2 protein chains.
Amino acid sequence: MKNSKIIDVARIANVSPATVSRVLNDSPLVTKETQSKVLKAIQELNYTPNAMGKQLRSRKTMTLGVVVLDIGVSYHAEIIKGIEQRANAMNYKILICNSQNEKKKELEYLSLLQNRTVDGIILVAPMLSDEEIAAFAGEGYTIGVIGRRLGHPNIPCSTTDNWKIGRDVVTHLAANGHRRIAFLNGYEEALDSIERLQGFKEGLAAAGLPFLSTLVEKGEFSEDGGYAAFCRLWEESGDFTAVFAANDEMALGVYKACFEYGIAIPDRMAVVGVDNIRITNYVSPKISSVEQPLYELGALLADKVIDQINGNLQQGQRNFMVDSRLVVKGSSQKGADSK
Amino acid sequence: MKNSKIIDVARIANVSPATVSRVLNDSPLVTKETQSKVLKAIQELNYTPNAMGKQLRSRKTMTLGVVVLDIGVSYHAEIIKGIEQRANAMNYKILICNSQNEKKKELEYLSLLQNRTVDGIILVAPMLSDEEIAAFAGEGYTIGVIGRRLGHPNIPCSTTDNWKIGRDVVTHLAANGHRRIAFLNGYEEALDSIERLQGFKEGLAAAGLPFLSTLVEKGEFSEDGGYAAFCRLWEESGDFTAVFAANDEMALGVYKACFEYGIAIPDRMAVVGVDNIRITNYVSPKISSVEQPLYELGALLADKVIDQINGNLQQGQRNFMVDSRLVVKGSSQKGADSK
DNA sequence: ACTATCAATGAAATCGATTTCAATATCCTT
DNA sequence: AAGGATATTGAAATCGATTTCATTGATAGT
């Protein structure tokens, strides 16, 4: 009743442990009769196989480790749901580790997971450098990354098409008559930032507008960061009618600044963010934003990592890009909120 | 270089595996010299012990399983952070499972985790009945619950003081002159609901106000639920000046309804919610709410569960209650938002 | 100087499953 | 009816660590 082992089942069913194991793993080599004998014994003892013994022998844990920057960010939570759902469908469990914006913790978790506790690791928006990540993959581990694109041949990555995001936003703003569009970028070095800036420029060019480096300001990916960046830009030039914020948090910062400066949105200032987080629909006017298929971002990579674990991922293709969708709301178009 | 085992280390260091194991586990029974020999060998091989072998023998995983209703809910994410932080401090890892509001998944995860994959399990806001949970604990497993209070002698639980929440809110509203206060409750059967209703009554009594069952309406713990409940109440009586919503989501629903009915907040209707989620500060006016120490709720229970695993939890005390704090904002007091 | 005690180490059993390989039983084929 | 192929089963090795128990060598007590 307490903790029965395979040998107890074997004794009761009057067979060998090997046979019990075969039944447990649906081997075709057992008679219906023995199978039912064993199953009955299993039921009787309420037996469940010990995971450790099983894993030790089979060298598999059927578990994926997920190291995430901050589980409290809805953005990340959604990605995790995608990973989990797909992993579960393929009989994998996931072990979530929260690095809480600390690079040190991220490293610790990575080594921790490596001691064969998991079959593969997925990093969500890691802080580690490409080289550091690659070093882990070099040790023979399966690692995947979401939100970054490393050139490593053994590390599958899933990302959003950042260029498209930049182009789409600019195109939308230009179509609404804006000719001087500011860009509040995130960290300069972040791949997201670089690519979106590029898309931003492409969009300007396509709309026949000049690119003005004075209208680009960088800042932290946070409400405060957006607030500060907007203030700097406004104080310096003040000569723009629309802002493209690198994410919705920054856009919220812009709202705060505009409120304080008495700048009306969208009449005197159009605002567009990225991520389409829930809050964008609760402020007034609602914030236009670019929706990323977060769930898919996670599910896709889980798929690829599991493929790689099973050796089913063909060489060559390692970067997977998902599409995005601009959601136009009141912050960038008059009357868009009413419905 | 690839996967070295303890015996490889032993060979290089010219000792037995047993000695290596002793070094790994800081046994006092090794000379400084042997220790350094072994450590050097470990470094040389870049050896890390295989988790499965270790766990199999020591019958410990140093892992806590956490089954959570919905990882996307910021409320839950915060609790998890508390669990994780404390668990990490005591050298435990956590394995998070997302039951996604499905009782079936919750059960599956629970059995899954039970096969000795984890040393203990924490359920966050479980859907399972007390009896179902108790059944698992009966099998000799360590289980803890957050957000419910079961009478089971072996199941530590951490909860908020719901009575106090009810009393505090009513006291605040009564102090602001409200005499007819509606209560939008969650599921009637939920312990939270029952206790808050009780606190609500106590608060009324303390303020010398009568309890009117016509001013209590139940609904789902969601924005839509709050919306619907408020509408029913408003259509039926319409005779109240303040609403106490069981959580902030419901309060948001109340906002939506008030907007549609053209009821001004807080002038014609005061609103108070529970949880103090982020959005409450982004709507206008900001929503007064009761802040629960979520992080602490998690950390506390992690502590207790680990104590129980190690047999250090004395019998008797099993229910741990944490305090809450009413945050008054513009939705229930004029001018409270300005600063 | 001789034995009792203790510290340090190693050999081997062990955790609980899977898996290989050998053994048996059964069924065809000619 | 005999030999060979095939389907089931079991015995034993194995995964990689920990841990018990025995052994050795050293120290101390008388």
Side-chain angles (χ1 to χ4, degrees), chain A residues 1-39 41-42 45-63 91 112 114-119 140, chain B residues 1-39 41-42 45-63 91 112-119 139-140:
Chain A
M1 179 173 313
K2 254 304 160 57
N3 271 336
S4 36
K5 337 179 203 177
I6 202 170
I7 189 134
D8 301 323
V9 177
R11 256 195 280 274
I12 297 223
N14 219 347
V15 296
S16 74
T19 302
V20 177
S21 173
R22 292 195 185 96
V23 171
L24 289 171
N25 295 285
D26 300 313
S27 160
L29 298 167
V30 270
T31 350
K32 288 265 183 302
E33 310 156 63
T34 20
Q35 191 191 34
S36 67
K37 262 198 310 184
V38 171
L39 287 177
I42 287 178
L45 287 174
N46 194 16
Y47 166 83
T48 67
N50 175 298
M52 291 168 250
K54 182 170 177 145
Q55 292 172 179
L56 176 58
R57 184 61 230 236
S58 59
R59 316 187 60 62
K60 284 212 158 193
T61 64
M62 297 306 282
T63 304
N91 261 313
L112 193 71
Q114 235 190 180
N115 308 349
R116 304 271 53 188
T117 315
V118 297
D119 296 341
Chain B
M1 177 174 313
K2 254 302 160 53
N3 273 338
S4 35
K5 337 180 203 178
I6 200 170
I7 188 136
D8 301 323
V9 177
R11 254 196 281 275
I12 296 225
N14 220 347
V15 297
S16 73
T19 301
V20 177
S21 174
R22 291 195 185 96
V23 171
L24 288 171
N25 295 286
D26 300 313
S27 160
L29 297 166
V30 270
T31 350
K32 288 264 183 301
E33 310 156 63
T34 21
Q35 191 190 34
S36 67
K37 263 198 309 182
V38 171
L39 288 177
I42 288 178
L45 288 173
N46 194 15
Y47 165 83
T48 67
N50 176 298
M52 290 169 254
K54 181 170 179 145
Q55 292 172 181
L56 175 57
R57 182 62 231 237
S58 59
R59 315 187 60 64
K60 285 214 155 192
T61 63
M62 298 304 282
T63 304
N91 261 313
L112 193 70
L113 291 174
Q114 233 190 180
N115 308 348
R116 302 274 54 189
T117 315
V118 297
D119 297 340
E139 312 260 347

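Since the structure is predicted, the reported quantities are computational estimates derived from the model, not experimental observations.
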Phosphate OP1/OP2 of C:dT18 contacted by A:N25 side-chain N/O (<4.0 Å): yes
Gap between atoms CE and P, on B:M52 and D:dC15 respectively (whole Å): 13 Å
Nearest-Å distance for atom pair NZ/P, residues B:K5 and D:dT14: 10 Å
Polar pair under 3.5 Å, donor/acceptor by atom type, side chain A:R59, base D:dG16: no
For atom CZ of A:R22 and atom P of C:dA17, their distance in whole Å: 16 Å
Rounded interatomic separation in angstrom, taking CG from A:N50 and C1' from C:dC15: 8 Å
Strand-adjacent residues in residues 7-15 of chain B, judged by heavy atoms under 4.0 Å from DNA chain C: B:N14, B:V15
Considering all heavy atoms, the nearest B:S16-B:A10 contact: C-CB, 3.7 Å
Atom-pair distance (CD on A:Q55; P on C:dG16), nearest Å: 14 Å
Value in whole Å for how far the C1' atom of C:dT9 lies from CD1 of B:I6: 14 Å
Of B:R57 and B:A18, the one whose closest DNA chain C nucleotide lies more 5': B:A18
Contact under 4.0 Å: B:T19 side-chain N or O vs C:dG10 OP1/OP2: yes
Given DNA chain D, 5'-ward residue of the pair B:V20 and A:L56, judged by closest heavy atom: A:L56
B:K37 NZ - C:dG10 C1' separation (whole Å): 12 Å
Interatomic distance where CE belongs to B:M62 and P belongs to D:dA17 [whole Å]: 18 Å
Any residue of residues 28-36 of chain A with a heavy atom less than 4.0 Å from an atom of DNA chain D: A:L29, A:V30, A:T31, A:T34
Donor-acceptor contact below 3.5 Å, side chain B:N50 vs main chain B:M52: yes
